[in-house]
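Below is one structure, written out as structure tokens; the observations come after it.
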2 protein chains.
Amino acid sequence: MSRIDEKTNWLNKTEMAAWISFIETIGDLQYNLDSDLRESSDMTAGDYQVLVYLSESPERRTRMCDLAARLNLTPSGLTRRLDGLVKEGSVTREVSTEDRRVQLAVLTPQGYRELVAAAPHHVASVRHRFIDRLTTEQLKHLTAAFTNIREGLFE
Amino acid sequence: MSRIDEKTNWLNKTEMAAWISFIETIGDLQYNLDSDLRESSDMTAGDYQVLVYLSESPERRTRMCDLAARLNLTPSGLTRRLDGLVKEGSVTREVSTEDRRVQLAVLTPQGYRELVAAAPHHVASVRHRFIDRLTTEQLKHLTAAFTNIREGLFE
DNA sequence: TCACAATAGTTGCGAGCGCAACTAAAATGG
DNA sequence: CCATTTTAGTTGCGCTCGCAACTATTGTGA
């Protein structure tokens, strides 16, 4: 490959080890966390995210567009995800009285109960798969590293 | 929530910071890397993975089942992904002469040229988004941390 | 004030992929 | 040596989600 672009700055050994360990791990980790959530609470990670964010919002309701931005979903993606939650009765839609363009996603009491029931299992899963594999030192290093990376993404 | 399960071991501040920084970052990171690859080489991350693995295989060919295991895809998922690459002429299928159940995915010269053209841009993207945001120390810490996590997934 | 732009959300369409069912070809074992 | 099991791969179906087009409402500037 070096013939094509002599000045490509290929990864050295340390860099490659970090990249490979990262990229190979996150897929499996997410898969395992997702499976845990499905088994313990019959819920997808995406649905769980919605319930968490709504539960933390004032009056347990949010504008669709805010929710979409928060979850990195397109408007259409969020519409469909909410469709499922509405059908199950975890969330309802309300038209905003201030701006009649906006739909408010509202967490129902049932949705809140589902979240409360799921949360301990999810935390246990995150501990088992992630937190408890690392020392406090490693957790701090990792926070610093990912904060750096995250900031770089918005330059 | 504590009423439901008094003994849930919730995340403390350090743990929560690590978890949030990780989970919030990886989605955006993968999205950016994918976008970079699409822009520079009109290729998905999945297709790139296939080309890389084939290029590293003896005679640039692999059994479908080995490829599926390597890429964490189900057989059906891999069949469909290969369909696209075959249609574009990057890969061909061959029936194995040793075991007539197995299909070999074979990297074509064109597919190899596409990979060679894409690789420098992809490496630059990985550097820009990930490697260059971290010190050598951080890279080593991160490798150790993710190795721990990865090993835990297979217990 | 009124045409035009911007914003919020939904829908049709298509891509990607998992699950279950299926075919074909080995491997096994009585 | 033949019946059963195992393995490899494909296909139908369904799910999730992005893109583009669309409607409805609000904001803006001449």
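- Side-chain proximity of B:T79 to C:dT10, D:dT10, C:dA24: nearest is D:dT10.
- Using a 4.0 Å heavy-atom distance criterion, B:R80 is classed as a base contact.
- Across all strands shown, A:N72 has heavy atoms under 4.0 Å from sugar-phosphate atoms exclusively, and none from any base.
- Distance from the side chain of A:T74 is smallest to D:dG18 among D:dG18, D:dT10, C:dA25.
- Distance CG (B:L67) to P (C:dC17): 12 Å, rounded to an integer number of Å.
- Summarising the geometry, the separation between CG on A:D34 and P on D:dC15 is reported as 17 Å, rounded to the nearest angstrom.
- Among the nucleotides C:dA24, D:dG9, C:dA6, the one closest to the side chain of B:V102 is D:dG9.
- Classification of the A:H122-A:Y48 ring pair by plane angle, with boundaries at 30° and 60°, yields tilted.
- Ring geometry for B:F146 against A:F22 counts as perpendicular: the plane angle is over 60°, on a 0 to 90° scale with 30° as the lower cut.
- Of the two residues near DNA chain D, A:T44 and A:T97, the one whose nearest nucleotide lies more 5' is A:T44.
- Side-chain N or O atoms of B:Q49 include none that pairs as donor or acceptor with a backbone N or O of B:R70 at under 3.5 Å.
- A salt bridge between A:D83 and A:R80 is absent, with no side-chain N of the basic residue lying under 4.0 Å from a carboxylate O of the acidic one.
- For A:L73, whose side chain is taken as the heavy atoms from C-beta onward, the closest listed nucleotide among C:dT10, C:dA8, D:dC17 is D:dC17.
- In terms of phosphate contacts, A:R81 brings a side-chain nitrogen or oxygen within less than 4.0 Å of OP1 or OP2 of D:dC17.
- Between A:R63 atom CZ and D:dA24 atom P the separation is 20 Å, expressed in whole Å.
- Residue order along DNA chain C, read from the 5' end via each residue's closest nucleotide, puts A:D99 first among A:D99 and A:S76.
- At least one side-chain nitrogen or oxygen of B:R100 sits closer than 4.0 Å to the OP1 or OP2 atom of C:dA26.
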